[in-house]
Amino acid sequence: QVQLVESGGGLVQAGGSLRLSCTASARTFSFNAMGWYRQAPGKQRELVAAISSGGTITKFLESVKGRFTISRDNAKNTVYLQMNSLKPEDTAVYYCNVGERLAFSYGTWEYTPSDYWGQGTQVTVSS
């Protein structure tokens, strides 16, 4: 029912930048929080960043704070992940996701993904 199309991945040298985009096909985009996950070979998929439906609340993986920025344009049904100062350890397949829940609990914002995922886009950072 909901299709997510990602773009912007590629190969970049350490210290470089990439901007990922994810466009949703359904109007429901504007009613949900959105998130970006990544999965490196042999590792579990981890949440990189999340943003509330209105864009006023954001959450980041500690290791990317100060380097990555998540934003959204609800008029375009699009969420972005701006990645600066990229490191080889950022190499992974990146997936956008429609959020099921974003709530403040146990002292932090907790993002719960839904079953709607993008196809994934490869980000490779060389040293």
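Below, all heavy atoms of this structure are taken into account, side chains as well, without hydrogens, waters or symmetry copies.
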*Asks:* Please name all residues satisfying side chain to side chain donor-acceptor pair (under 3.5 Å) with Gln44, sequence neighbours left out, ordered by chain then number.
*Replies:*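 By the side chain to side chain donor-acceptor pair (under 3.5 Å) rule, Gln44 matches no residue at all.
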*Asks:* Under a 4.5 Å cut-off applied to non-hydrogen side-chain atoms, are Gln82 and Ile70 in contact?
*Replies:*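 In short, these two side chains do not touch, never coming nearer than 4.5 Å.
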*Asks:* I need the minimum non-hydrogen distance between Gln119 and Leu4, along with the two atoms involved.
*Replies:*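 What the structure gives for the nearest pair is OE1-O, 3.3 Å.
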*Asks:* Who are the side chain to side chain donor-acceptor pair (under 3.5 Å) partners of Lys65, not counting sequence neighbours?
*Replies:*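 Side chain to side chain donor-acceptor pair (under 3.5 Å) list for Lys65, sorted by chain: Glu62.
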*Asks:* Can a donor-acceptor pair be found, under 3.5 Å and without considering hydrogens, that links the side chain of Glu6 to the backbone of Gly120?
*Replies:*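 Answer holds: yes.
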*Asks:* Do Asn97 and Trp36 come within less than 4.5 Å of each other through their side chains, counting heavy atoms only?
*Replies:*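 Side-chain contact under 4.5 Å: no.
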*Asks:* Between Ala40 and Ala92, which heavy-atom pair has the shortest distance, and what is it?
*Replies:*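 What the structure gives for the nearest pair is N-CB, 3.8 Å.
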*Asks:* side-chain contact (heavy atoms from CB on, under 4.5 Å) between Lys87 and Val125: does it pass, once the steps are laid out?
*Replies:* CA-CA 6 Å; Lys87 304 175 181 179; Val125 184; 5.5 Å; no
*Asks:* Are Tyr94 and Gln39 side-chain neighbours, meaning at least one heavy-atom pair lies under 4.5 Å?
*Replies:*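 With C-beta onward as the side chain, the pair stays apart.
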*Asks:* Could you check whether any side-chain heavy atom of Asp90 comes within less than 4.5 Å of a side-chain heavy atom of Arg38, counting everything from C-beta outward?
*Replies:*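 Yes; the side chains approach each other to less than 4.5 Å.
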*Asks:* Is the closest side-chain heavy-atom distance between Lys59 and Glu110 below 4.5 Å?
*Replies:*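 The answer is no; the side chains never approach within 4.5 Å.
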*Asks:* Using a 3.5 Å distance criterion without hydrogens, assess whether the side chain of Ser114 forms a donor-acceptor pair with backbone atoms of Glu100.
*Replies:*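 Side chain of Ser114 to backbone of Glu100: no pair is present.
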*Asks:* Are side-chain N/O atoms of Thr78 and Thr23 paired as donor and acceptor at under 3.5 Å?
*Replies:*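 Thr78 vs Thr23: donor-acceptor pair found between side chains.
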*Asks:* Output the rest of the hydrophobic cluster of Tyr111: all Ile, Leu, Val, Met, Phe, Trp and Tyr residues reachable through side-chain heavy-atom contacts under 4.5 Å, sorted by chain and number.
*Replies:*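 Joined to Tyr111, directly or through intermediates: Tyr37, Leu47, Ile57, Val93, Tyr95, Leu102, Phe104, Trp109, Trp117.
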*Asks:* Would a 4.5 Å heavy-atom cut-off, applied to side chains only, mark Phe68 and Leu86 as touching?
*Replies:*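 Of all side-chain heavy-atom pairs linking Leu86 with Phe68, at least one is under 4.5 Å.
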*Asks:* Is the shortest side-chain heavy-atom distance between Thr121 and Leu20 below 4.5 Å?
*Replies:*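 Result yes, sub-4.5 Å side-chain heavy-atom pair found.
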*Asks:* Taking all heavy atoms of Ser53 and all of Ser30, pick out the closest pair and write down the distance.
*Replies:*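 What the structure gives for the nearest pair is CB-O, 3.7 Å.
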*Asks:* Side chains of Asn84 and Ser17: is there a donor and an acceptor less than 3.5 Å apart?
*Replies:*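 Distance-only check passes for Asn84 and Ser17.
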*Asks:* Could you tell me whether the side chain of Asp73 and the main chain of Val79 form a donor-acceptor pair under 3.5 Å?
*Replies:*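 No, the answer is negative, given that no donor and acceptor are paired below the 3.5 Å cut-off.
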*Asks:* Looking at Ser52, is its backbone amide N or carbonyl O close enough to the side chain of Arg72 to form a donor-acceptor pair, meaning the two atoms are under 3.5 Å apart?
*Replies:*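 Such a contact is found between Arg72 side chain and Ser52 backbone.
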*Asks:* To the nearest 0.5 Å, how far apart are CD in Gln13 and OG1 in Thr124?
*Replies:*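 Rounded to the nearest 0.5 Å, the CD-OG1 separation comes out at 13.0 Å.
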*Asks:* Cationic tip of Arg19 within the cone over Tyr80's six-membered ring, i.e. under 6.0 Å and within 45° of the normal?
*Replies:*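 Arg19 over Tyr80 ring: yes.
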*Asks:* Would you say that more than 12 heavy atoms from the other residues, nucleotides or ligands in this model lie under 6.0 Å from the CD of Glu89, or not?
*Replies:*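 Enclosed.
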*Asks:* Looking at side-chain heavy atoms only, is the closest gap between Met83 and Val48 below 4.5 Å?
*Replies:*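 No, every pair of side-chain atoms sits at 4.5 Å or beyond.
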